[in-house]
Amino acid sequence: MKAEYILPDSTISPKRAFPLLLIILFLVLILLGINLGEVSTVMEKAIKICLDCIGIG
Amino acid sequence: MPVLRRWIQIVSTALSNAYWMFPHTKGIYQGTLKSICAPGLNCYSCPAATGSCPLGSLQSIIAGLRPAVKAGHYHFGAYIIGTLGLIGSLVGRMPCGWLCPFGLLQELIHKIPSPKFEIPKILTYMKYLFLILFIFILPALVIDDYSYGMTWFCKFICPAGTLEAGVPLIFLKPELKELIGVLFYFKLAILFVFIVWMILSRRPFCRVACPLGAIYSFFNKHSVFRMIHDSEKCTHCRECYNNCPMGIKFYKGPNQHDCIRCLKCLNESCRFGAISYEIAGMPVIKPVEPQKSALTPP
């Protein structure tokens, strides 16, 4: 049988609004991190072999 | 659907490890993609890795928090926590089931024929201990003379780092053999234990030790994508549990902390239409196949 998916109508509830609030919160955190220069810090750490991190040295 | 998921896992693993110039350069990828956190567990010291491991990056930032603050850089991991939180808010633990290279490895190794054993539920809470202790507390509080902490989880636990970076780098840079000590053999032992455990049990690392899965699991009940359980249609036949790669008893409730949203329960297990999912509160209902729906619940 070919699977058909049904999308019933639904009303807005606080249950549906909470994930949206979380998304906004974490988007703000990402922008804050970018603004603070964390992207270059992440890059700086990731392009070097961390011998300590992998159990060598 | 199972074939589609396997292909997505393979493509994700290939994209996360797409730098195949390392045998010539004798080093790891250093391009701009390394500034992006991969959604799954993939060591950034792996010679082929194209992205950053979110756990490694988070530990590094926390370990260097004091010196950074002294230097006037208030880096507390907002970019990484924001990225993980955004993914979690959208789909919860779904990246574990669809994108994580180490998750794929565990599923493939578990196919090796052997007696199979269930993991005691109490052990599945250990990943939260690893998250709190090895990702946040120890890197922040145990510091050296220069106020730097260590990446405790990477250094002492992570079997993915040993497999993807430690072992390949030994072959790629033979001079590193001189630096091998007790710690490396300890980490090899951890890797060996987990590989044997992967044969015997379903996704042991994800369920017991993965701090990334622990972070995503906080969002399972509150994400845009959520599983739905219809208790009226459910017969408690345990077919969902038998097929679940995480050993979840779905009939005891949807969106449990270990659910990786692989949808095996929906597509390969439930014959009674008791399992579905919703996106942003809108249920997506898969109709029950007529022949199978004829089976009446006992």
Side-chain angles (χ1 to χ4, degrees), chain A, chain B residues 27-30 32 34-35 37 43-45 51-53 56-57 60-61 68 73-75 77-86 88-90 150-151 154-156 158 161-162 165-166 169-170 176 179-181 183-184 186-188 219 222-224 280-287 289-290:
Chain A
M1 181 194 174
K2 195 180 172 187
E4 289 177 12
Y5 294 85
I6 306 155
L7 291 172
D9 289 333
S10 188
T11 52
I12 296 169
S13 68
K15 225 179 175 182
R16 284 175 63 188
F18 189 61
L20 187 68
L21 290 175
L22 285 177
I23 288 168
I24 292 167
L25 170 74
F26 289 114
L27 274 174
V28 169
L29 262 183
I30 291 174
L31 293 175
L32 180 67
I34 292 170
N35 196 37
L36 289 171
E38 286 187 4
V39 178
S40 57
T41 308
V42 168
M43 170 98 175
E44 212 173 275
K45 308 272 184 193
I47 60 172
K48 291 175 191 156
I49 298 172
C50 176
L51 294 179
D52 231 21
C53 303
I54 54 176
I56 304 173
Chain B
I28 63 173
Y29 171 68
Q30 296 184 315
T32 47
K34 273 279 173 84
S35 59
C37 289
C43 185
Y44 53 38
S45 289
S52 281
C53 172
S57 303
S60 290
I61 282 192
H73 302 302
Y74 295 93
H75 296 171
Y79 170 62
I80 304 156
I81 294 168
T83 304
L84 296 180
L86 181 65
S89 304
L90 288 170
M150 286 190 298
T151 53
C154 298
K155 185 168 183 173
F156 295 106
C158 189
T162 312
L169 283 171
I170 293 292
L176 293 177
L179 301 172
I180 290 177
L183 180 62
F184 188 71
F186 173 72
K187 286 203 69 186
L188 275 181
F219 298 94
H222 309 291
S223 56
V224 171
M282 290 187 290
V284 180
I285 300 157
K286 184 186 175 190
E289 292 176 25

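Below, chains carry the letters A, B, ... as their sequence lines are ordered, and counting in each starts from 1.
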Residue, of [options], that accumulates the most heavy atom pairs under 4.5 Å with chain A:
options                               : result
B:Ala165, B:Ser60, B:Ala68, B:Cys158  : B:Ser60
B:Gly166, B:Gly51, B:Gly161, B:Ser223 : B:Gly166
B:Tyr74, B:Phe184, B:Phe219           : B:Phe184

Check [X] against [Y] and note the closest heavy-atom contact, atom names and distance.
X       : Y       : value
B:Gly82 : A:Leu29 : CA-CB, 3.9 Å
A:Ile54 : B:Cys43 : CG2-SG, 4.1 Å
A:Glu38 : B:His75 : OE2-CA, 3.4 Å
A:Val39 : B:Ser35 : CG1-CB, 3.5 Å
B:Gln30 : A:Met43 : O-CE, 3.8 Å
B:Ser45 : A:Cys50 : OG-N, 3.3 Å

Mind checking the [atom1]-[atom2] spacing from [X] to [Y]? Nearest 0.5 Å is all I need.
X        : Y       : atom1 : atom2 : answer
B:Lys155 : A:Ile56 : NZ    : CD1   : 12.0 Å
B:Thr83  : A:Leu27 : OG1   : CG    : 9.5 Å
B:Leu169 : A:Ile49 : CG    : CD1   : 5.0 Å
A:Lys45  : B:Ser52 : NZ    : OG    : 11.5 Å
A:Thr41  : B:Ile61 : OG1   : CD1   : 5.5 Å

Exercise. Within the distance-only criterion (no hydrogens, no angle test), does the side chain of B:Lys34 pair as donor or acceptor with the backbone N or O of A:Ala46 below 3.5 angstrom?
Worked result: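 Side chain of B:Lys34 to backbone of A:Ala46: a pair is present.
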
Exercise. A:Ile23 versus B:Leu86: any side-chain heavy-atom pair under 4.5 Å?
Worked result: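 Yes, their side chains come closer than 4.5 Å.
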
Exercise. Are A:Leu22 and B:Val224 close enough that some pair of their side-chain heavy atoms sits under 4.5 Å apart?
Worked result: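 No; the side chains remain at least 4.5 Å from each other.
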
Problem set entry | Heavy-atom proximity to chain A below 4.5 Å, by part of B:Tyr29 |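 Only the backbone of B:Tyr29 comes within 4.5 Å of chain A.
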
Exercise. For B:Ile170, is it the side chain, the backbone, both, or neither that has a heavy atom closer than 4.5 Å to a heavy atom of chain A?
Worked result: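 Contact with chain A: side chain only.
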
